[in-house]
J.: 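First the structure, which I've put down as structure tokens, then a few questions once you've had a look.
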Amino acid sequence: MDGPAPSPASEVPFRISFSGHCGHLRLDPTPHPPSPIPDFVLPPAYPPGTPNTLKEYLETNYLNPELHLPTAADSGRVWDVDWFALARPPLEPSAPRTMLAPVWEPPFRRCRRTVQSASESKVWDPESVQMDMAEVFDSGTGGITPRMPGPAKDFVRGSINNRPFRPGGLQDETADAAGLEKAFPEAARNGDWVRELMSGGPAQVAPPGFRNRLELGQLKEYKSQWKCFRDGELVEQPGPSSNDTMEKYSVQFDDLFKIAWEEDATNKLSQESDVQQSAEDEGTGEVGKQNINLLQDVSGTITKLDTEKQEVVVKKDVPETQTDLDQMLSSEVQDTRRESGVSSDDKPTQDGKVWALVGGDEDIVTNFYQLVPDMAIEFPFELDKFQKEAIYYLEKGESVFVAAHTSAGKTVVAEYAFALATKHCTRAVYTAPIKTISNQKYRDFSGKFDVGLLTGDVSIRPEATCLIMTTEILRSMLYRGADIIRDIEWVIFDEVHYVNDAERGVVWEEVIIMLPKHINIVLLSATVPNTVEFADWIGRTKQKKIRVTSTNKRPVPLEHCLFYSGEVYKICERETFLTQGFREAKDTFKKKNSNKLGVRTGPKTGTSAVHAGTQGKNPDTSNRGRDQKYPKHHNAKSGATALQQSSGPKRSESSFWMPLVNNLLKKSLVPVVIFCFSKNRCDKSADSMFGADLTSSSEKSEIRVFCDKAFSRLKGSDRNLPQVLGIQSLLKRGIGVHHAGLLPIVKEVVEMLFCRGVIKVLFSTETFAMGVNAPARTVVFDSLRKFDGKEHRKLLPGEYIQMAGRAGRRGLDNIGTVIIMCRDEIPEESDLKNLIVGKPTRLESQFRLTYTMILHLLRVEELKVEDMLKRSFAEFHAQKNLPEKEKLLLQMLRQPTRTIECIKGEPSIEEYYKTALEAEAHREFITEAIMQLPNSQQFLTPGRLVVVKSESDDDHLLGAILKNPSTTLKKYVVLVLTGDCTSSALAPELSNKNENGPGDFQQGRFIIPKGKRGMDDEYFSSASTRKGTGVININLPYKGDASGMGFEVRAIENKEIMSICNCKIKIDQVRLLEEPNKAAYSRTVQQLIKEQPDGTKYPPALDAIKDLKMRDMDLVESYRAYHRLLQKMSENKCHGCIKLKEHISLMREQQKYKDQLIELQFQMSDEALQHMPEFQGRIDVLKVIHYIDSDLVVQLKGRVACEMNSGEELISTECLFENQLDDLEPEEAVAIMSAFVFQQRNTLEPSLTPKLAEAKNRLYDTAIKLGQLQTQLKVPVDPEEYARDNLKFGLVEVVYEWAKGTPFADICELTDVSEGLIVRTIVRLDETCREFRNAASIMGNSALYKKMEIASNAIKRDIVFAASLYVTGI
């Protein structure tokens, strides 16, 4: 070719050209010949582009809205694909929000920078830094330490490697100090702001992030004269040239505010004077002065200064000044944050804060639509009072506790929280205690909000704005630090009264404690008596106010009746018990049973047991073993066999239920829910009504079509299951059954048909009242007793109210009817009153320690298990009183203690007092035992030396028995030595003169001269020749002195004898008691003195074995220790001291003070926590089995245990680390793992292969060893019970066959466990497989990881994992 090769541009029929000043592109036809270089079209083709033209172009094409008028073509346009449903937003956390914040500097330092020019020296240009919004506003969304968001796969569920978020209300001194610094910088807290106000200075003129600034000029300087004080005296203010600093003086802060307000008022007056007449200036000035006075009063209120004291004297030290200023600032802040809506009924707590704010203002209800003009969601009905109050507080961003009866409309509050989250572009979480509630709420909310569902086995749209989940899922997310928590604004707890559940109630407390600060709480509960107490605990735990709104009004009032002998007797209406109706039922019962009394003894009327138709036990629950088997085949035996009563005439169940059903049909009181507290009872009662047909032909057709659609998702063999076929035959006749033994899909079919109103009679257990929102026209109680898993007991008022609340459909019925069945007796009137109109069950803490909780908290050093224990509801009252105890402790520590001054030198009273206390402890144990010994009485004769307790109970004295008990005086008469005569002289209160004493013997300090004592020796040795009559002629007690020693004659009881000595003395009973003689007393006293070798020690006591013949070794040891202590006390120099009583009293006071101090310090310490001993024991267990090390650092085994939530964490972890699953096939492994999640105790013994039997024994032995270890380390666990409760092998064979592919109908024949429980166990087992798989990943065991995947896939099939009708629709 001669010419050049054609370019690619020449092959297209157009070319690209530039046009206009802005260089717009345009397409032009290709010129001939083609040119490879695009031409530049001259500017005149378009007007020149300017900023205004560009702005107009953008507004016209992109910003101006246009009204689109639909056309005929548009009406036929239909989207073939729902693109919105297929949209999957990425699961990424919200981007961190940041802002520019200025770095605050003290005013007097702002001008000290090195500046270039003098003009810039007057401008404050602060430095700005970029900060996270959470740090600026302290939203609490950050973790314990700042961390970046994790990967997207862990966004919802979290990871064991994540750190949990800081719980709201958790005290952190560092964070508090940082928050205080943000609110009040250091210079603002130490008084530098005063200089800025007084002296003026440059102001901040450039907002953060802006370059340009505003010219605001200098801050105005207030020229004023301060009153300065030094040491309390007024001095002249130092001049500016003086070297004296102002820190030495105190200032009058009122002057600052007064001068500022006066000047502002003066300026205002001067402006008004320009337009007003001069005659009115005085009046305006008076008004201005009144305003000034008013402002001064406000100042005094805010700053809490004493208005009577015009001068504030501040001491020299700076900290005092700062303290006063801190008080002013804190008072001002508290005043500005004061709640305006606090009810007058709210009483401040010990620390001055009210956390639970009860009730609302009537203005909220009256002006609701003015207060909330732009509601997040509109309701098609008028809201009740409590609903308006709750919505108003939600709009204010406050937490709410709503307590109302069933069907009162609590769900409206939850819906509004969802709507607020949608409006605010945040997230809301709805938690429920039962999976059925979660599924049902998902269906209800799906049409209104962007809803997702998270349960153990289902995860639907986890990226949704509104998430519905079980409480256990939320707890796992909190412990694992899921990033989705950053976006949550509301957490809604439904059925909060479920916190009373002994097994799962602890989950609610854990979640409430672990929630971060930025999350608001909505609590929905039935009426409970201690709503305010529970809300106060939540508020104090989270450090936020909780608004409590409640209503006792039922939307549909209830009437309660008794059904006996075919008649209905009304006993309660509108919360008022009707005695007349109860008496009529009682009279009918007496008349009917009067003819039977002569034949046989019937059941006693008036038994204390409240039950209808039972004798001490609920029928069908006395045999808890194989009788619980679900009747899988609805044959004649299971259908016609009636449950016979142990007493009363035998009759069929149909003859019992049909009169009631006919009565209800005649009065149009259907649909009816009949609560039977046994699965067997529900099935047999429904089967007994084989002749009843309660539906019309149209209803039968509706039921058949609905069942065909629902069960069409099952495979062929599953559609022909006996339970599926049997329930369809019942439903077609308008009869339903609902209990935990049903298959999940069967239960959902029954629930949906009941809500449609085609089921007329439903036999159900109490789970229907808790888990299903399906009210009825009437509720019937088959019995007022239930088996709670441990014992048969009466129904609690709260349980009765919960179930009775299902009676009455809002908008359909004017009144709901509750009927109590009476078979063979009428319950007591008092029991019925307590049940119907009594108070419901209080919310009680079910908090308990678990190893999972401990390990999760130990993973984070900043979180302590003690903090979790302190914040539990069980410790609420103890922690609530801590501020008062702190004040009391400070007061006690300030109290001065009195010192004991001893007249004998160094005080030894403390040693004496401790010895006396120890001796007293022994004496209480041995005194009564000794006096009951037969040998002891033969030693207690006149002349026997004994040690007697003194009158003050602080000392013990040596004495001799003068007379044994007699008919006139049933006490021992003894003479005891009370001390030397000097002591008696110093203690006159111990020696009273006996003015009525006979003879010439006068009491007093009588001493026989030493030289004359030998002359009377013959007199002392000779006894009186006259025989004593036993008469006592002295007044007891008789006191005196003899031989330089004080003595006392008094009557004592045998318990006052502290010791019996092994020696006797000669006494003259006549001259001591009948004819008192000073010589006789002197001789007796001298003999007693001789028995004390060194003047203080006592004679030896009787030998416990030789003399008293004791046989109890503990008693002998205590006896000997006691007498050693008595000898030690007698050797102490305080023994016999005249100030002993006074000093003992002081010691007792000091000891009481010390005990109170120690007790108070103990109550304020962590050791006083209720669960602390168990916590220490569990920590020791974890150390021994190497879950944590000695420094409480979580090890590999501990991390694996954190993954175990469905089974007992210790047994599961040990099973993995002992490689117990390695030699098992996936089917065998998953079968053994079923023991962790199966719950029923009494089942048939499964038939196991040798390999499975060996694995079972191996796992059981592991549980026994762990139980024994916990018992040794003081954890309250019984090894056998621990193994039985946590390992139940009843479904091992069933799961094994299911994993091998056996049809469901065949595996049901292998056990007596109901189909519903089998499905529930296998579904939970899938979650366990996932946990074991995650644990294998942590351990690095790839073989186990693959095995768990295979096992999970093997059990996920057919009817067991059929999708919920609530989720998929029908």
Side-chain angles (χ1 to χ4, degrees), residues 563-568 612-613 619-620 629-645 648-676 678-708 720-739 741-742 746 749-750 753-754 756-765 768 776-783 817 819-824:
F563 184 82
Y564 179 73
S565 187
E567 297 294 331
V568 177
D620 289 331
K629 178 179 178 181
Y630 181 83
K632 301 180 179 61
H633 303 283
H634 294 267
N635 50 24
K637 181 177 180 180
S638 63
T641 302
L643 180 68
Q644 304 296 339
Q645 298 296 318
K650 295 184 178 180
R651 56 178 179 172
S652 65
E653 286 291 328
S654 60
S655 63
F656 179 78
W657 289 115
M658 288 310 300
L660 171 65
V661 174
N662 293 332
N663 192 311
L664 297 178
L665 289 172
K666 187 183 303 182
K667 298 179 180 180
S668 299
L669 296 180
V670 292
V672 56
V673 177
I674 302 176
F675 285 109
C676 305
S678 163
K679 291 180 290 186
N680 248 1
R681 181 110 180 111
C682 290
D683 294 325
K684 291 184 178 181
S685 297
D687 293 340
S688 66
M689 298 180 64
F690 52 87
D693 193 349
L694 310 178
T695 56
S696 62
S697 58
S698 60
E699 291 173 335
K700 283 183 170 64
S701 176
E702 180 181 356
I703 293 172
R704 183 179 59 79
V705 171
F706 186 90
C707 290
D708 290 344
N720 298 322
L721 288 172
Q723 188 179 107
V724 175
L725 298 177
I727 199 68
Q728 290 186 68
S729 64
L730 287 174
L731 293 176
K732 290 176 183 178
R733 293 185 285 116
I735 302 171
V737 178
H738 188 281
H739 54 71
L742 296 179
V746 173
V749 167
V750 172
L753 288 176
F754 186 83
R756 293 190 176 195
V758 294
I759 296 180
K760 309 302 180 183
V761 178
L762 177 64
F763 294 92
S764 171
T765 55
F768 185 81
R777 177 66 179 85
T778 306
V779 165
V780 176
F781 287 89
D782 175 51
S783 171
T817 305
I819 298 177
I820 301 173
M821 299 296 294
C822 302
R823 296 173 182 254
D824 300 317

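Nothing fancy with the numbering, it's 1 onward along the sequence.
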J.: Rounded to the nearest 0.5 Å, how far apart are CD1 of Ile759 and CG of Leu694?
T.: 11.0 Å
J.: To the nearest 0.5 Å, what is the distance between CZ on Phe781 and CD1 on Ile674?
T.: 12.0 Å
J.: Taking Asn662 for its side chain and Met658 for its backbone only, find out whether a donor-acceptor pair lies under 3.5 Å.
T.: yes
J.: Verify, without hydrogens or angle tests, whether Arg733 (side chain) and Ala692 (backbone) share a donor-acceptor contact under 3.5 angstrom.
T.: yes
J.: Measure from the side-chain N and O atoms of Ser685 to the backbone N and O of Cys682, and report whether any donor-acceptor pair falls under 3.5 Å.
T.: no
J.: Kindly compute the distance separating CZ (Phe754) from CZ (Phe768), expressed to the nearest 0.5 Å.
T.: 5.0 Å
J.: Could you state the interatomic distance from NZ (Lys732) to OG (Ser701), rounded to the nearest 0.5 Å?
T.: 10.5 Å
J.: Does Ile727 form a side chain to side chain contact (heavy atoms under 4.5 Å, CB included) with Val737? I'd like the steps, not just the answer.
T.: CA-CA 8 Å; Ile727 199 68; Val737 178; 4.3 Å; yes
J.: Hey, could you give me the CG/NZ distance between Leu742 and Lys679, rounded to the nearest 0.5 Å?
T.: 9.5 Å
J.: Are the charged groups of Lys700 and Asp693 less than 4.0 angstrom apart, N to O?
T.: yes
J.: To the closest 0.5 Å, what do you measure between CD (Gln728) and SG (Cys707)?
T.: 5.0 Å
J.: For Tyr564, enumerate each residue passing the ring pair (Phe, Tyr, Trp, His ring centres under 6.0 Å) test, keeping only those at least two apart in sequence or located in another chain.
T.: Phe589
J.: Is the shortest distance from a Lys or Arg side-chain nitrogen in Glu699 or Arg756 to a carboxylate oxygen in the other one below 4.0 Å?
T.: no
J.: Just jot down the side-chain contact (heavy atoms from CB on, under 4.5 Å) partners of Ser565, sequence neighbours excluded, or say none.
T.: Lys592
